[in-house]
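Report on the structure given below.
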There are 2 protein chains.
Amino acid sequence: MGTTSKALSLLNFFSRATPQIGLSELARLSGLNKATVYRLLGELAAHGFVEQVGTGREYRLGPAFLRLAALREKNVPMRDVALKHLTELSDATGETAHMSLLNGEVLSNLAYVYSNRHGTMVMMDDAEVLELHSTGSGLAVLAYSPKSFVDEMLSRPLTSRTPQTITDPNQIRALLPSIRTEGIAASVGGFEEDVFSHAAPIFDARSNCIGAMAVAAPVSRMTDTLRMMIRDKLMAHARQTTRILGGFPPDTFPTREPQMMLQKEA
Amino acid sequence: MGTTSKALSLLNFFSRATPQIGLSELARLSGLNKATVYRLLGELAAHGFVEQVGTGREYRLGPAFLRLAALREKNVPMRDVALKHLTELSDATGETAHMSLLNGEVLSNLAYVYSNRHGTMVMMDDAEVLELHSTGSGLAVLAYSPKSFVDEMLSRPLTSRTPQTITDPNQIRALLPSIRTEGIAASVGGFEEDVFSHAAPIFDARSNCIGAMAVAAPVSRMTDTLRMMIRDKLMAHARQTTRILGGFPPDTFPTREPQMMLQKEA
DNA sequence: TATGTCGGTTCATTATTTGAACCATTGGTT
DNA sequence: AACCAATGGTTCAAATAATGAACCGACATA
């Protein structure tokens with residue numbers, strides 16, 4: 001691993017739960033030498049990627065990200081595109097629609113839209129990250145990721161978020177083929193109790209899966225009718241989003257009108 | 001300069017005007033070897049800090065910034081705080097209020113608020129950067145920056161944005177003492193024609209100047225009355241913003257009620 | 001006063017970065 | 001069609017920058 005990667009990976013230890021971290025603690029977390037971490041933090045700080053809290057204390061993420069994020073969004077208005085489709089998706093289904101991007105080993109939220117049709121809604125959080133094994137979006141991404149990546153991800157200890165979370169790697173692997181034939185993944189209560197989530201993959205210009213678009217509804221509201229409607233709308237909007245972002249689904253991706261009634265020919 | 005700094009400085013070559021850059025071009029711009037740039041870009045890309053456009057072409061800023069910016073704003077709601085005070089400032093003065101943060105050699109916009117009192121307003125742009133020598137905000141920052149930094153900044157060639165832009169380093173240096181005694185900087189048409197800008201510095205917990213809060217009005221609307229009112233309100237809101245962000249003005253910073261009528265004692 | 005932690009610093013050893021040269025492609029010019 | 005000058009990407013010995021154990025002083029806590 002290059003020095004730059006080490007420096008950048010330090011940033012991943014900052015999270016919603018641990019927004020600021022001391023030097024020694026960060027050295028411990030990263031497994032790097034304290035002197036190394038100190039020097040790397042110094043370089044990150046010089047560019048505004050981290051800053052020290054108060055006077056000579058812990059470190060936290062710096063202000064440079066605001067500028068770079070604004071610039072990125074000006075150049076590549078992903079969030080805008082996503083919001084447009086999420087709004088339509090949310091309106092059509094009456095449920096929470098969201099989109100997340102693959103960021104290393106987890107998915108990070110890009111945007112989400114609530115519906116106002118019901119009194120209760122599945123809530124999202126900007127700074128929350130989604131695990132690959134326990135969410136519908138994660139399964140959708142895994143289904144369209146290279147085998148080496150899947151193996152890598154499933155070789156780690158899989159945390160059990162709820163009693164419904166599937167933590168057996170082989171059981172998860174077994175789900176992927178059917179997700180691939182459908183083009184959509186589903187997860188019931190794997191991440192949060194009582195949440196039924198459908199998700200479709202999003203691809204970049206090289207047909208790599210870069211994230212997922214999803215609709216999350218309370219289990220109690222899920223009916224066959226709603227499920228069909230969600231699958232239909234989600235598929236269409238995910239496809240459009242991929243296209244508008246300049247991406248292409250891989251050749252293996254099912255066409256919009258699935259050959260449901262057709263028998264496989266070989 | 002460490003390897004990490006080199007990698008991070010590559011990011012600064014992406015701008016509103018040049019949102020995507022090829023490998024050779026970036027090597028040329030940065031003065032680094034092409035192989036080096038290639039490797040650094042690879043590491044940046046692995047963390048989502050850059051990505052390649054389409055298939056095997058130029059590079060652009062990556063999606064990771066969206067997540068990190070969201071996380072930063074959750075932890076340190078600078079923009080929220082700024083917007084609150086900018087709104088009040090804009091309401092009180094009837095003009096455009098904005099705040100920017102020092103980012104290396106330039107100021108980058110954090111937030112801005114327009115007033116609806118007049119038909120014409122000074123417009124801002126999220127991804128725009130402000131030069132230190134040609135803007136009110138820049139002068140405010142220079143006035144409260146270490147001499148070494150000022151020397152460094154004024155030793156570069158100073159671009160002339162308008163005929164009114166002051167490009168003589170010594171002339172700029174001569175402005176700084178009076179800014180320091182006032183606590184507020186002013187610039188008339190230095191950055192954009194017909195824009196009269198007042199700016200006050202913002203400080204961090206170590207009393208370093210980290211940016212500026214400003215009010216920008218068309219020259220044609222500027223009167224003594226408005227000028228007084230802007231200075232007053234701007235001073236108050238900049239002070240509050242500094243405090244709420246956890247910062248402290250340096251000891252040399254003028255108190256809220258300036259000793260206007262008092263003669264210097266030495 | 002003794003002990004453990006912290007952020008920060010040092011410097012000889014080591015491992016990573018570096019850069020000139022080299023491909024294979026692409027796109028424009030003659 | 002042949003040529004040229006770009007491009008993105010790759011290689012490997014040489015040079016440089018990163019590393020980590022040990023060491024500060026300061027601040028807690030006991």
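To find a chain, count down the sequence lines: A is the first, B the second, and so on, and within it residues start at 1.
By the ring-ring contact (aromatic ring centres under 6.0 Å, His included) test, A/Tyr59 is found to be paired with no residue, residues two or more places apart in sequence or in another chain being considered. Shown here are the ring-ring contact (aromatic ring centres under 6.0 Å, His included) partners of B/His133, two or more places apart in sequence or in another chain: there are none. With sequence neighbours left out, the ring-ring contact (aromatic ring centres under 6.0 Å, His included) criterion links B/Tyr112 to B/Tyr114. A/Thr36 pairs by the side-chain contact (heavy atoms from CB on, under 4.5 Å) definition with A/Asn33, A/Arg39, A/Leu40, not counting sequence neighbours.
Here D/dG20 presents its C1' atom at 16 Å from CZ of A/Arg28, a figure rounded to the nearest Å. The distance from atom CG of A/Leu10 to atom P of D/dT19 is 10 Å, rounded to the nearest whole Å. If you measure from atom CZ of B/Arg57 to atom P of D/dT7, you get 11 Å, rounded to the nearest angstrom. Rounded to whole Å, the distance from CG on A/Leu44 to P on D/dA18 is 13 Å. D/dA6 atom P lies 12 Å from atom CD of B/Glu25, rounded to whole Å. Distance CG (A/Leu41) to C1' (D/dA18): 15 Å, rounded to an integer number of Å. For A/Leu26 and D/dG20, the CG to P distance is 15 Å, given to the nearest whole Å. Across the protein-nucleic acid pair, A/Tyr38 atom OH and D/dA22 atom C1' stand 17 Å apart, rounded to whole Å.
B/Thr242 contributes atom OG1, which lies 13.0 Å from atom NE2 of B/His237 (distance to the nearest 0.5 angstrom). The structure places CG of A/Leu234 at 12.0 Å from NE2 of A/His85, a figure rounded to the nearest 0.5 Å.
Listed by first residue number, the stems of DNA chain D with at least three Watson-Crick or G-U pairs below 3.5 Å are C:1-30 with D:1-30.
Ring centroids of B/Phe248 and B/Phe203 are separated by 6.0 Å or more, keeping the two rings apart.
Using a 4.0 Å cut-off, no side-chain N or O of A/Gln52 falls inside it from OP1 or OP2 of C/dC6.
In this structure, A/Gln52 contributes its side chain and A/Arg57 its backbone to a donor-acceptor pair below 3.5 Å. A donor-acceptor pair is defined here as one N or O able to donate and one able to accept, closer than 3.5 Å; no such pair exists between the side chain of A/Thr159 and the backbone of A/Arg161.
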| remark: Counting primed atoms, P, OP1 and OP2 as sugar-phosphate and everything else as base, the B/S/- map of nucleotides 17-25 of chain C against protein heavy atoms under 4.0 Å is SBBB-----
